[in-house]
*Asks:* 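Structure below; questions to follow.
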Amino acid sequence: AKENGRNTYHLYNKSLHRDLTDKLELMKRLRHAVDEEKLEVYYQPKVELTSRRIVGLEALVRWIEDDGQVIGPDRFIPIAEDTGLIIPISNFVMRRACEQLKLWHDLGYDELSMAINISGKQLHSPDLMERVLESIHHAQIPAKKLELELTEQVFIENIQSHTNFMHSIREHGIALAIDDFGVGYSSLAYLKNFPVSSLKIDRSFVQDLPHDNDDATITQTIINLAKNLDLDVVAEGVETEAQVDFLLARDCVIGQGYLFSKPIPAQQMTRLLQQYQGL
Ligand code: C2E
Ligand code: CA
Ligand code: CA
Ligand code: CA
């Protein structure tokens, strides 16, 4: 038994060691990718379900490896947060997305808004507000065409500096969305205290619509909540026409998901815009 125990320990230790070296290796490669500008911003449309027009875009970061392989943010945002690399990454995303929005506005798609994801860790950066404003001024886009998406967790934490940041954002006319809304939290009191402009219904509630009764109830409830609080509501992860029908019947008029488009590079988005809105 003793022998066994030691073996287990040994194995555990070995895999822990592997995890650590993997993590260090990933960290090194990510730092390099940031320096060498191997990151790219992809865009996914938010579509008005009635008219099927694109009303906004969400910026989603990608890491493009030398062999062309595309690495998604779920694989590197956590490590970027742990290492502080999230700051240069998000500065890049913000600047690039604002510049790109300006180009699309100049092409005539001037109603488009741009949403950018901000993680909780980023809110600890004291110059975030400055960076946001700098990106807007640099690109010369109207502040009201920019939206920041923050997950519910950030609103729950109720940290004074976060609260200040959110009010300051709204004072500048920038929109504020709660991302992944409805996941895991029971208190809704924060909706009273924060100057939120929209709710994004988490994909997990949308994916089994229209047949799943619980998800149907939850979605309906979130839509009602948004309506009563005078907030916009966006359904994430829309993949089928049946989901569109369900949402429209309940007065949720904006959707985002693979039914319309996956996140795609800017050039491809320009073509998609032509397809959807003409010009
Ligand atoms: P998110 O903000 O909730 O973004 C939505 C995610 O769902 C995206 O994954 C998108 O590709 C995926 N998605 C959209 N529609 C569908 C659909 O119909 N079906 C399915 N199965 N998936 C769909 P992605 O691009 O891998 O991003 C993952 C997360 O990484 C994002 O979740 C966001 O939290 C984070 N993220 C992405 N870009 C940034 C960034 O620039 N900064 C920060 N801080 N976080 C980012
Ligand atoms: Ca988001
Ligand atoms: Ca989301
Ligand atoms: Ca998410």
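What's counted below: heavy atoms across the whole structure, side chains too, no hydrogens, waters or symmetry copies. Numbering of ligands and ligand atoms starts at 1, following listing order.
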*Asks:* Checking salt bridge (charged side-chain N to carboxylate O under 4.0 Å, His left out) for the pair R53/E111: CA distance, chi angles, key distance, verdict?
*Replies:* CA-CA 11 Å; R53 286 176 65 84; E111 296 297 310; over 6 Å; no
*Asks:* Strictly under 4.0 Å, does any heavy atom of R62 approach an atom of ligand 1?
*Replies:*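 Yes, R62 has a heavy atom closer than 4.0 Å to ligand 1.
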*Asks:* Looking only at distance, does N117 have an N or O less than 3.5 Å from an N or O of ligand 1?
*Replies:*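 By distance alone, the answer is yes.
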*Asks:* Has the side chain of E239 got a donor or acceptor atom that lies under 3.5 Å from a matching backbone atom of G257?
*Replies:*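 Between the backbone of G257 and the side chain of E239 there is no qualifying donor-acceptor contact (under 3.5 Å).
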*Asks:* Relative to atom 7 (O) of ligand 1, which among Q243, Q207, E58, R203 owns the nearest non-hydrogen atom?
*Replies:*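 Answer by nearest heavy atom: R203.
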*Asks:* Any N/O/S of E149 under 3.0 Å from the Ca ion (ligand 3)?
*Replies:*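 Here the distance criterion (N, O or S atom, under 3.0 Å) is not met by E149, so no.
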*Asks:* Given Q44, K262, K121, E239, which one has a non-hydrogen atom that is nearest to atom 19 (N) of ligand 1?
*Replies:*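 Looking at heavy atoms only, the winner is E239.
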*Asks:* Taking the non-hydrogen atoms of E236, is any one of them nearer than 4.0 angstrom to ligand 1?
*Replies:*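 Per 4.0 Å heavy-atom rule, E236 contacts ligand 1.
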*Asks:* Do NZ/NE/NH1/NH2 and the carboxylate oxygens of K23 and D82 come within less than 4.0 Å?
*Replies:*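 Looking at D82 together with K23, the answer is yes, because their closest N to O distance falls below 4.0 Å.
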*Asks:* Is the shortest N/O to N/O distance between Q256 and ligand 1 below 3.5 Å?
*Replies:*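 No, there is no polar N/O contact under 3.5 Å.
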*Asks:* Between Q267 and T270, does any side-chain donor sit less than 3.5 Å from a side-chain acceptor?
*Replies:*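 Absent: no donor and acceptor within the cut-off.
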*Asks:* What I want to check is whether the side chains of S119 and N117 have a donor and an acceptor closer together than 3.5 Å.
*Replies:*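 Their side chains do not contain a donor-acceptor pair, so the 3.5 Å distance test is not met.
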*Asks:* Hey, what's the angle at the Ca ion (ligand 2) spanning OD1 (N117) and OD2 (D179), nearest 10 degrees?
*Replies:*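 Rounding to the nearest 10 degrees gives 90°.
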*Asks:* Give the intermediate values and the outcome of side chain to side chain donor-acceptor pair (under 3.5 Å) for residues S198 and E147.
*Replies:* CA-CA 10 Å; S198 67; E147 182 173 47; 3.1 Å; yes
*Asks:* Of all N, O or S atoms in E58, which has the smallest distance to the Ca ion (ligand 2)?
*Replies:*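 So the atom name we want here is OE2.
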*Asks:* Would you check if the Ca ion (ligand 2) lies under 3.0 Å from any N, O or S atom of T151?
*Replies:*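 Not a single backbone or side-chain N, O or S atom of T151 is under 3.0 Å from the Ca ion (ligand 2).
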*Asks:* Could you tell me whether a side-chain N or O of E152 sits under 3.5 Å from a main-chain N or O of G182, the two making a donor and an acceptor?
*Replies:*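 Checking the backbone N and O of G182 against the side chain of E152, a donor-acceptor pair under 3.5 Å is found.
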*Asks:* For the Ca ion (ligand 3), find the closest N/O/S atom on D180 and give its atom name.
*Replies:*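 For D180, the N/O/S atom sitting closest to the Ca ion (ligand 3) is OD1.
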*Asks:* Taking only non-hydrogen atoms of G72, do any sit less than 4.0 angstrom from ligand 1?
*Replies:*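 In this structure, G72 fails to qualify as a contact of ligand 1 - no heavy atom is under 4.0 Å.
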*Asks:* Between ligand 1 and K200, can you find any atom pair, the residue atom being a heavy atom, that is separated by under 4.0 Å?
*Replies:*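 K200 does not count as a contact of ligand 1 under the 4.0 Å cut-off.
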*Asks:* May I ask you to check if ligand 1 and V61 share an N or O to N or O distance below 3.5 Å?
*Replies:*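 Yes; the residue has a nitrogen or oxygen that sits under 3.5 Å from a nitrogen or oxygen of the ligand.
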*Asks:* Between K227 and D251, does at least one N-O distance fall below 4.0 Å, as a salt bridge requires?
*Replies:*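 Yes, charged N to carboxylate O under 4.0 Å.
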*Asks:* Can you tell which of F260, Y258, Y42, F92 gets a heavy atom nearest to atom 16 (C) of ligand 1?
*Replies:*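 It is Y258 that holds the nearest heavy atom.
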*Asks:* Would you tell me which option among G120, A80, P73 has the nearest heavy-atom contact to atom 26 (O) of ligand 1?
*Replies:*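 Heavy atom nearest to atom 26 (O) of ligand 1 belongs to P73.
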*Asks:* Can you tell me if E236 has an N, O or S atom under 3.0 Å away from the Ca ion (ligand 3)?
*Replies:*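 An N, O or S atom of E236 is closer than 3.0 Å to the Ca ion (ligand 3), so yes.
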*Asks:* Give the ring-plane orientation class for F194 versus F155, where under 30° counts as parallel, over 60° as perpendicular and anything between as tilted.
*Replies:*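 The arrangement is perpendicular - the two ring planes meet at more than 60°.
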*Asks:* Using non-hydrogen atoms of the residue, decide whether E81 is closer than 4.0 angstrom to ligand 1.
*Replies:*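 Under 4.0 Å: no for E81.
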*Asks:* State whether E149 and K200 are salt-bridged, where the test is any N-O pair (Lys NZ or Arg NE/NH1/NH2 against Asp/Glu carboxylate O) under 4.0 Å.
*Replies:*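 Salt bridge flag = yes for K200 with E149.
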*Asks:* Is a donor on one side and an acceptor on the other found under 3.5 Å between the side chain of R29 and the backbone of A33?
*Replies:*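 A pair under 3.5 Å: no.
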*Asks:* Between D110 and K145, does any side-chain N to carboxylate O distance fall below 4.0 Å?
*Replies:*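 Looking at K145 together with D110, the answer is no, because their closest N to O distance does not fall below 4.0 Å.
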*Asks:* Is it true that P263 lies under 4.0 Å from ligand 1, counting heavy atoms only?
*Replies:*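 Yes.
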